[in-house]
Structures are given as C-alpha cells and as structure tokens.
2 protein chains.
Amino acid sequence: MSTRSASAGDAIEPIAAGSDGGAAALQQLAGRHATGYRSVGVMVYDILRDAILGGALVPGQKLRQETLAELIGVSRLPVRSALIQLEADGLVEFHDRRGAVVKSLSPAQAKEVYDIRTLLEIEALRLSMSEMTPERVERLRELGQIADEQQEGADFVDARTAFYAELYDAERHPVLWEMIEQLRLKVGRYVLGWRLVGGAEHGHSHEKLIEAVAAGEVEPAVTVLREHLERVRDAVLELLDAEATAAEAGAVSARRSGRR
Amino acid sequence: MSTRSASAGDAIEPIAAGSDGGAAALQQLAGRHATGYRSVGVMVYDILRDAILGGALVPGQKLRQETLAELIGVSRLPVRSALIQLEADGLVEFHDRRGAVVKSLSPAQAKEVYDIRTLLEIEALRLSMSEMTPERVERLRELGQIADEQQEGADFVDARTAFYAELYDAERHPVLWEMIEQLRLKVGRYVLGWRLVGGAEHGHSHEKLIEAVAAGEVEPAVTVLREHLERVRDAVLELLDAEATAAEAGAVSARRSGRR
DNA sequence: ATCTCGGATACTGGATCCAAAATGCAACCG
DNA sequence: CGGTTGCATTTTGGATCCAGTATCCGAGAT
C-alpha cells in the first residue's frame, strides 16, 4: 500500500517534488474525486489531470502505472486509459517500453502556445462580439464575479473556464473553443503557479475587458485581451526560467547528496 | 488499390456501406499494416485512422469493439486504446455506455475548421518565410513534386504532410504545427473524397505557392494560400451538403427495402 | 581494476475472464 | 388493444493473469 518499493525507481527522477513524488497529494485528490463517477477511467483521468495541473506531479516525473493504480485505489487498466488520454492532451509523454512521464514545456513552446492563443482568442472575441446580446453581457458579469472570488486550484480553473466559454461563445464556435481549451490546458500547470505568486491585480483587466465588451468597443477589447495574454505569457516565461534554474540547482544538490 | 476502390464505390453511401459496414476494406487495411509494429495498440490506431480517413468507416457508423478486434485479429484491449486516442483526435465519439461511433462533421464545424486553419497556416507561413533558406526552398520543390505524383490514399496524405511540414517549418514551431495537423485530421476524410472528385488542377496552386515562397514575396504567398484554403473549404462544404442529401435518400431507400 | 556479458528482476503491454448496465422483446395487466 | 414492467441478451468497462522486453547488478575475463 505504501511506497516502499518505489524507492528503487526514484534514482532517475529528475525533479524531486517531495520525497514521495506527490503521493500524498495524489491520494487526497483521489479522495475528493471519489464520489459518483460514471466511469472509473474518466475519474482517474480527472485525478491525474488535476494532479499535474496542481503541481502534485511535476514535469519529468515518471508515472508508474501500478503505483498510480494503488494510490488511487483502482486497477491498472483505467490508469492506462487515462494516461493515453493525457498523452493526447499533451500533458504526458510515452517512452516506448519505459512508461509515461509528465511532459515538460520548453520556454519556446510556451511562447508558441501564447502566441497562438493570442491569435485564436482575439478571433474568438471578434466573432463573439459581433453577435453580443445584453443577456450574455449580464451573464458575463456574473461569471467574472464568480471567477474572481475563487482562489483554490480546481474551482479557480473551472470558474475561469466558464467565464471564457461565455465570452467566446463556445456554444456557437465549438471547434475554436476546443482549440483554445487545449492550449490553455498545456500551460495550465504554470498559470496556477503564477496565480499564486502575483496574480492579485488580475481582476482589473477582467473588468476592463467586460466593460469594453459591454460597450461594444471591439478594438479596445481586443487590446485589453492582447495585453492580458502578453502579461501572462511573460510571467509564465519568467516562471519557466526560474524553474529551469531551480531544476539545475536541484540536480546538483541531488547529485551531491544522492547515491554515487 | 483497396482503399481507393472502396471509397470510390461507396463514398456517397453514408451509413452501412453494403451489409458489412466496410469490413472487407478494414481487413485489407489490417493486412497492409500487419508487418513489424512495435506495439499493437498504435497499429490498431493507424488502421482505424486510415479506415476512417479512407472512407471504409463512415460517419455515424457504430464501432463495436469485439467486431473490430476480430477483423483486425487482436484482442479488444488495444482496440479500446486506439478508440480512446481517436476520440482525443476528434474522429470518433463515445456515447456513455453505448460504445463509439465515427464522428461526423457538421457543415458549420467544417467551416470553423477551415477558418481556423486559414488563421494558423497563414501565421505559420509568415513565420516560416521570415527565416527561409535556399536549402529549404529546394527541399520544398522536391516534396511538392513527390506530393503531386502520389494519387493513392495513405501515401497521398503522407506526402502532403511532409510538404507542409517543411513549408511551415514544423521543427521550429512544433505546437503550431500540431494544431494545424489536428485540424487537417478532422477534415481529412472529406478532403480525400474531394480529391477523387475534382482535385486535378490542384497542383497549380502548389507551384504558385512555391514560387512566391522562393521569391520571398510574403503577401502574394499568403494570398495564394488563403485562396487555396478557401477553395478547398468550399469544395468540402459542397461535398458535405451532397452527403447530407444522399444520407436522406439512403435513409428513405433503406426504409423502403425493409430492415429486418 | 575495469569492461563486458549474462542472468535475474521488474515493468509495460496484451489476452482472457467477469460483472454491471442498457436495450429490446415479450408477457401481463389495465 | 395498448401500455408498462420485467427478463434476457448484448455489449461495454474493469480486474486479474500472462508473456515479452528492457534495465540493472554481479561475476568473470582481459
């Protein structure tokens, strides 16, 4: 039940989050998700996804199917299903016969993600504003309010998602919305980290955006959105650099203290 | 060959091509892919992907795991893996306890796909052209030549993919390239159908595009690309309309002939 | 003493087996 | 005669079991 046998495999672990590799956090996540799921596979998917996004499983960490299965309390099979889905989402990576690891994002890739998001989200905003209604503006205000109140990981993500789904009119543009969601997922883990550091004055741009949208002023709204994305992008890139240096330092200290 | 004859004969027929639902074509595909795969799961994925793109499995068709497993000659487990991956690609759709069906694209969604592709591919072209080299132009000419020679289903897709990967500098922009690939996959099945109907004068725009790229004329190249995508989009939308009406007629005839 | 080769161990990937849920048919009741 | 409910069949989804392969450690040879 515990992770005693896991110590053998920890040697390769490049970035050590904790000594347990996030096992405790993973079990807590499993507990939160335990209630009333239709299929175990998607439950495991949600758990692992939240674990990666929440930082319990860090980039580069190897994911042993049996360990994960035991921690969550299911068989290895739904774990495999979940890992396959996560691979398609770009969150984990399979090495041929050596299992799966949490995929890490290079700074260049992160920049790409935000540049594409800028392109797509501005397009989505333009399309959405061309068919804006007072009802949607009202709903947008509510959702923005809710989003700003949430502080915690999973709820925060959900609230923000709901807000942007309404802003971009996800109903009417499902493919575009799906693309945007995919990109947001790829950087989700880093955005959460950023939120914890310096996302306080964040709500202000939300408000400016909503007001521009409500007034029907397309170009100002686009500008606010673009600047917001650029600000987040720069923050994420900064955080990535910090992590890279930290990983370097961690590798050095691990080499010193670790097995020869 | 096998895929071509299958799609040529039954391309218009939307549901249940014959009574076997593309079983024969699927078995032949399985034979082609049978040699030397590292993992059975990805083999099944490739087979099913080619089957859907080639038209052997038509939109709306239900995919029974056991049937597919028997046809390909493997167990149900790798079939499940493949179906999960295909779901992530947006090619199939899971209904809760009722199995998977081949996803169909509504005309509105197809239009979305092409609008987003226009956005992304023009961006990719601009980025790529800002760092174009004579070597890449040369390679582009070769790949364009190869692509125009291929007529058959799978090779045709591969050749085109290689060409665009070089054109958009996929190496240097992996995320952007992945997005474009995803979108191309979603409409792949319809593009193949279109290719068979009226894609003859298609190579000409390729040449114009290459020449503009070689000359470093960005805006002309962008225009050629945009017009090309719009032309393909319109053709696909036309084909989708034709399929929709054919489906209607097919449903009527099936009702007349009496199902059981 | 170090490098290489061979065996043992452990992990992933696949197959078979089992249970749970949904659908369709049939029978019974209103 | 029609509707509703219950049972049986079908099919997905999960667990356990098995085999192939890669990694790691130790022993032997140079």
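Quick note on labels: first sequence line is chain A, next is B, and so on, each numbered from 1.
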Look at the side chain of [X] and decide which nucleotide, out of [options], has an atom nearest to it.
X	options	answer
V40(A)	dG14(D), dG13(C), dA15(D)	dG14(D)
R98(A)	dG14(D), dG14(C), dA22(D)	dA22(D)
S75(B)	dA15(C), dG13(C), dT12(D)	dA15(C)
R80(B)	dA22(D), dG13(D), dA15(D)	dG13(D)

Please report, rounded to the nearest Å, how far the [atom2] atom of [N] is from the [atom1] atom of [X].
X	N	atom1	atom2	value
F94(B)	dA22(C)	CZ	C1'	17 Å
Q65(B)	dC18(C)	CD	P	19 Å
D96(A)	dG14(C)	CG	P	11 Å
E66(B)	dA15(C)	CD	P	13 Å
L77(B)	dG13(D)	CG	P	12 Å
E70(B)	dT16(C)	CD	C1'	14 Å

Practice item. Considering only NZ, NE, NH1 and NH2 on the basic side and carboxylate oxygens on the acidic side, decide whether E112(B) and K186(B) come within less than 4.0 Å. Key: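 No, no charged N to carboxylate O under 4.0 Å.
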Review point. Donor-acceptor pair under 3.5 Å: do we get one between R76(A)'s side chain and the base of dG14(D)?
Key: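 Per atom types, no contact qualifies.
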Point to revise | Crowding at CZ, R233(A) (>12 non-hydrogen neighbours, <6.0 Å) | key: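 For R233(A), atom CZ is crowded (more than 12 foreign heavy atoms under 6.0 Å).
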Review point. Can you list the steps and then say if L143(B) with L167(B) is a side-chain contact (heavy atoms from CB on, under 4.5 Å)?
Key: CA-CA 10 Å; L143(B) 290 171; L167(B) 177 63; over 6 Å; no
Check your understanding: Okay, side chain of Y190(B), backbone of L105(B): is any donor-acceptor separation there less than 3.5 Å?
Key ->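 Yes, the answer is positive, given that a donor and an acceptor are paired below the 3.5 Å cut-off.
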